[in-house]
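Data block below; observations after.
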Amino acid sequence: MRIDIVTIFPTFFDVLDISLLGKARTNGLIELGVHDLRDYTHDRHRTVDDTPYGGGAGMVMKPEPWGEVLDTLLDSGSADRAEGSDPLVIFPSPAGEVFTQAMARSLADEEQLVFGCGRYEGIDQRVFDHVATRARVKLVSMGDYVLNGGEVAVMAMIEAIGRLVPGVVGNPASLVEESHENGLLEYPSYTKPAEWRGLEVPPILLSGNHGAIAKWRHEQQVERTRRVRPDLLADDGAVPL
Ligand code: ADE
């Protein structure tokens, strides 16, 4: 998978050198390019923002640098892309569709993802309108709260998507039994010692009875989901299979 990020804070993404995603890059499973939006400006101050037409507080990101960087990114990969597979350009935004595990799964199947990190009061609307003529565009929100810019949201998305790219996580079974994979929150986990500070591991986990353990874990998932995230269950409280 090829991932490109456009940002005015390129060093923010230096941490993608470490951990599982760093290894995935070394192994060639994920190719990453981080692009400084200011490199696509042509004035002495490398200006990326200006006052909003119509008035109002804050600044809006200018269309020209975005146009130039997106031209470069969308044109450069076009020769390698299979016919009919438009690249996907994602702009993190509190006004977007909420990011979910299902979305992460679907994005992990893409050949190329381009992330555009907005700052200030947002990006000139014509950038979205223009890029939509040559790529698929998605506005994605991390939730109902406001961040100062898209960088943190993009980092979270790349981590969630990257670990689902085949080969990135060593043991694929570990991707199955976790929160949201079956529509439920994950069950509690324990390791040795069997007793710690007077707290015991639930005896069923020491029983060796795999059927009973699986049943207990599922019950824990359902109980936790009902208590913490009833919105994940159907209106009638039915549990996803
Ligand atoms: N940028 C600012 N707030 C955001 C949010 N909640 N999700 C994604 N991008 C954002």
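Whatever order the structure lists ligands and atoms in, that order sets their numbers, starting from 1.
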task: Measure the distance from atom 10 (C) of ligand 1 to every protein heavy atom, then report the residue, atom name and distance (to 0.1 Å) of the closest one.
output: P94 CD, 3.6 Å
Whether over 12 other heavy atoms sit under 6.0 Å from R46 CZ: yes
- request: Enumerate the atoms of ligand 1 whose separation from the nearest heavy atom of G143 is less than 4.0 angstrom.
  value: 6 (N)
query: What protein heavy atom sits nearest atom 9 (N) of ligand 1, and how far off is it?
result: S93 N, 3.1 Å
- request: Check whether any N or O atom of V140, backbone or side chain, sits under 3.5 Å from an N or O atom of ligand 1, and answer yes or no.
  value: no
- prompt: For D49, does its backbone N or O pair with a side-chain atom of T47 as donor and acceptor, under 3.5 Å?
  reply: no
query: Counting heavy atoms not belonging to H130, are there more than 12 under 6.0 Å from its NE2?
result: no
task: Report yes if some N/O of N148 lies less than 3.5 Å from some N/O of ligand 1; otherwise report no.
output: no
field: atom 7 (N) of ligand 1 - nearest protein heavy atom and its distance
entry: M142 N, 2.9 Å
field: S141 neighbourhood, listing ligand 1 atoms whose heavy-atom distance to it stays under 4.0 Å
entry: 6 (N), 7 (N), 8 (C)
message: Looking only at the side chains, is there a donor atom on one of H42 and E68 sitting less than 3.5 Å from an acceptor on the other?
response: yes
field: Element-labelled atoms of ligand 1 that are located less than 4.0 Å from some non-hydrogen atom of V146
entry: 3 (N)
- prompt: Do Q221 and E186 have a side chain donor and acceptor closer than 3.5 Å?
  reply: no
task: Identify, by atom number and element, the atoms of ligand 1 in contact range of P92, meaning under 4.0 Å from any of its heavy atoms.
output: 8 (C), 9 (N)
message: For the 3.5 Å polar cut-off, considering only N or O atoms, please tell me whether A153 and ligand 1 meet it.
response: no
Side-chain (R224) to main-chain (L185) donor-acceptor, under 3.5 angstrom: no
- prompt: What is the closest protein heavy atom to atom 3 (N) of ligand 1, and at what distance does it sit?
  reply: L147 N, 2.9 Å
- request: Under 4.0 Å from a heavy atom of Y145: give me the atoms of ligand 1 that qualify, with their elements.
  value: 3 (N), 5 (C), 6 (N)
query: Counting distance only, does the side-chain N/O of T41 pair as donor-acceptor with the main-chain N or O of D43 below 3.5 Å?
result: no
task: Please work out which of the three classes, parallel, tilted or perpendicular, describes the rings of Y190 and W216, given edges at 30° and 60°.
output: tilted
